[in-house]
Novice: 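Handing you this structure, nothing more for now.
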There are 2 protein chains.
Amino acid sequence: MVSNRKCITRLSRYKNALKRLKALGFIKVFSDNLSDAAGVTPSQVRKDFSLFGITGNKRGGYKVDELIEQIQVILGKNEIQRVILVGAGRIGAALLRYKGFEEGGIRIVSAFDIDPAKYLANDAVPIRPLEEMTQFVRDEKIRVGIITVPDSAAQRIAEIMAAAGIKGILNFAPIQLRGTDEVVINNINLESELENLIYFVNAHSKANSAKCD
Amino acid sequence: MVSNRKCITRLSRYKNALKRLKALGFIKVFSDNLSDAAGVTPSQVRKDFSLFGITGNKRGGYKVDELIEQIQVILGKNEIQRVILVGAGRIGAALLRYKGFEEGGIRIVSAFDIDPAKYLANDAVPIRPLEEMTQFVRDEKIRVGIITVPDSAAQRIAEIMAAAGIKGILNFAPIQLRGTDEVVINNINLESELENLIYFVNAHSKANSAKCD
DNA sequence: ATATTTTTGTGAATAATATGACAATATAAC
DNA sequence: GTTATATTGTCATATTATTCACAAAAATAT
């Protein structure tokens with residue numbers, strides 16, 4: 001098992017880049033085509049592949065179809081991944097209807113909320129009472145959950161999820177949830193991503209105005 | 001200028017953690033309180049602060065208010081940051097109404113789309129024709145933009161943004177956009193984040209079932 | 001068939017990042 | 001006022017990630 005997060009992220013990127021290359025008619029690729037399409041170095045591509053035991057042919061490169069297939073198996077995309085979502089607010093609702101997931105073999109099978117006004121039993125993705133989550137997760141053997149609740153509730157939801165048997169959480173609440181041996185947590189903080197960007201934009205403009213002195 | 005992305009991200013986290021600690025009544029903190037709240041090591045906190053020239057008092061720690069203030073200045077939060085958004089689809093629309101940004105001093109001042117059906121001139125955040133973007137960015141001196149269009153359009157939008165004078169882009173399209181010397185790009189790929197999680201969940205369950213053999 | 005070229009796969013070298021250790025020093029105790 | 005203690009700030013060390021470099025192998029050319 002490769003336990004380097006960045007490396008898995010790159011694998012996703014390679015997969016996406018490969019799909020684009022395939023659409024352009026590529027039958028095989030070399031590490032430098034792919035690195036170019038994915039925005040990394042060729043040796044990075046080969047090193048990553050080496051870590052996952054993906055091999056190509058010397059002087060022949062990699063066959064696009066086989067490569068996509070191999071990466072998809074590693075990423076668990078050979079079967080549809082069913083996930084749940086808790087918190088049907090703005091962001092949650094948008095994710096429920098986001099088409100990209102289904103295309104990528106990820107299906108949000110149910111959402112949950114504490115607010116009865118949000119319940120929608122018969123929607124494409126039903127929104128159910130939070131109390132039903134634990135049972136649902138157990139019955140349906142769900143292992144991945146998305147948290148899109150306010151920060152004050154996030155920790156509690158994460159604990160309920162963990163207790164129900166969820167093993168991976170994608171957290172959009174602006175609080176850093178910590179993973180355990182049992183549960184992997186991936187935090188996405190939208191404000192923080194923008195802050196990051198703003199810092200570099202400001203730093204850049206300061207550096208440039210300094211140059212002008 | 002600190003050019004380490006991760007380090008800036010941690011700074012955001014420290015800021016958020018500090019606000020929570022402040023709400024709990026903390027007047028001063030030590031590097032270990034803060035590291036605990038932010039989920040890092042104490043030496044990491046001190047090292048980061050040292051990079052940004054943030055100092056505390058030996059044996060006295062850091063004053064919470066001063067620390068929040070100093071971090072906010074570094075992150076450019078002493079003034080409201082105005083950003084635009086292109087692509088008023090599901091995700092775009094959710095971000096337009098996301099309250100967290102305004103609370104954090106980030107304001108989406110206008111959205112743009114190619115689809116006339118989406119235009120909303122008089123909404124809290126107006127949605128305007130894409131053709132008006134360049135002029136708007138120039139007039140309003142906008143420097144940060146969010147891309148929430150389909151992947152096929154993302155590259156083109158990024159180029160228009162860059163030409164208009166945008167210096168930082170937060171990209172949600174599932175294609176890796178590459179930054180330049182002029183423009184910093186931050187890519188968020190939601191599917192990829194879930195794939196990442198799924199990989200670790202699967203790897204973990206395999207490791208556990210292997211243990212049982 | 002043999003030589004030439006191209007591209008992989010990987011071990012070694014380098015670079016980036018995080019941790020540990022501890023001297024310096026401010027606060028508190030006496 | 002002196003001593004003891006806790007905590008910072010930073011340098012040295014360890015860890016992790018990336019790039020380089022090149023031998024081995026496959027495809028093509030001669």
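A, B, ... follow the sequence lines: proteins, then strands. Residue 1 opens every chain.
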Novice: For atom CG of A:L51, decide whether the heavy atoms of other residues, nucleotides or ligands shown that lie under 6.0 angstrom number more than 12.
Specialist: yes

Novice: So for B:K47 and C:dT19, does any side-chain atom that can act as donor or acceptor lie under 3.5 Å from a complementary atom in the base?
Specialist: yes

Novice: Checking side-chain contact (heavy atoms from CB on, under 4.5 Å) for the pair B:I157/B:L130: CA distance, chi angles, key distance, verdict?
Specialist: CA-CA 9 Å; B:I157 299 295; B:L130 182 61; 3.8 Å; yes

Novice: Once salt bridge (charged side-chain N to carboxylate O under 4.0 Å, His left out) is applied, do any residues pair with B:E193, and if so which ones, sequence neighbours excluded?
Specialist: none

Novice: Considering every strand and a 4.0 Å limit on heavy-atom distances, what is the contact class for A:R10: base, sugar-phosphate, or nothing?
Specialist: sugar-phosphate

Novice: Quick check for you: among C:dT17, D:dT8, D:dC22, whose closest atom lies nearest to any side-chain atom of B:F30?
Specialist: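 For the B:F30 side chain, the nearest candidate turns out to be D:dT8.
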
Novice: Report yes if a side-chain nitrogen or oxygen of B:N4 is closer than 4.0 Å to either non-bridging phosphate oxygen (OP1 or OP2) of C:dA16; otherwise report no.
Specialist: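 Negative; the distance criterion is not met.
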
Novice: Please determine whether side chain to side chain donor-acceptor pair (under 3.5 Å) holds for the pair A:E159 and A:Q155, giving the CA-CA distance in whole Å, both sets of side-chain angles, and the decisive distance to 0.1 Å.
Specialist: CA-CA 6 Å; A:E159 283 159 15; A:Q155 184 66 53; 3.2 Å; yes

Novice: Just to be sure I understand the geometry, which residues of residues 56-75 of chain A put a non-hydrogen atom under 4.0 Å away from DNA chain C?
Specialist: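 Hits under 4.0 Å, by residue number: A:G56, A:N57, A:K58, A:R59, A:G61, A:Y62.
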
Novice: Atom CZ of A:R46 to atom C1' of D:dA17: distance rounded to whole Å?
Specialist: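 Interatomic distance, CZ of A:R46 to C1' of D:dA17: 16 Å.
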
Novice: Would the number of heavy atoms belonging to other residues, nucleotides or ligands and lying under 6.0 Å from CG of A:L24 be above 12?
Specialist: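 Yes - once you tally the heavy atoms of other residues, nucleotides and ligands closer than 6.0 Å, there are more than 12.
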
Novice: Could you walk me through whether A:V137 and A:T134 satisfy the side-chain contact (heavy atoms from CB on, under 4.5 Å) test, starting with their C-alpha distance in whole Å, then the side-chain angles of each, then the deciding distance to 0.1 Å, before giving a yes or no?
Specialist: CA-CA 5 Å; A:V137 166; A:T134 298; 5.9 Å; no

Novice: How close or far is atom P of D:dG9 from atom CD1 of B:I54, stated in whole angstroms?
Specialist: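 It works out to 10 Å between those atoms.
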
Novice: Can a salt bridge be assigned to the pair B:E191 and A:K15 using a cut-off of 4.0 Å between side-chain N and carboxylate O?
Specialist: yes

Novice: Could you report the tightest heavy-atom contact between A:L170 and B:L197, atom names first, then the distance?
Specialist: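 Heavy-atom minimum between the residues: N-CD2, 3.4 Å.
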
Novice: Below 4.0 angstrom, which residues in residues 32-45 of chain B have at least one non-hydrogen atom near DNA chain C?
Specialist: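 Listed by number, they are B:T41, B:S43, B:Q44.
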
Novice: Please tell me which of A:K28 and B:S50 maps to the more 5' nucleotide of DNA chain D, matching each residue to the nucleotide holding its nearest heavy atom.
Specialist: B:S50

Novice: Start with the C-alpha gap between A:E69 and A:K63, add the side-chain angles, then the distance that decides, and say whether salt bridge (charged side-chain N to carboxylate O under 4.0 Å, His left out) holds.
Specialist: CA-CA 10 Å; A:E69 180 58 24; A:K63 287 187 189 152; over 6 Å; no

Novice: Figure out the CG/P separation between B:L51 and D:dC11, and round it to whole Å.
Specialist: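 Between P of D:dC11 and CG of B:L51: 12 Å.
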
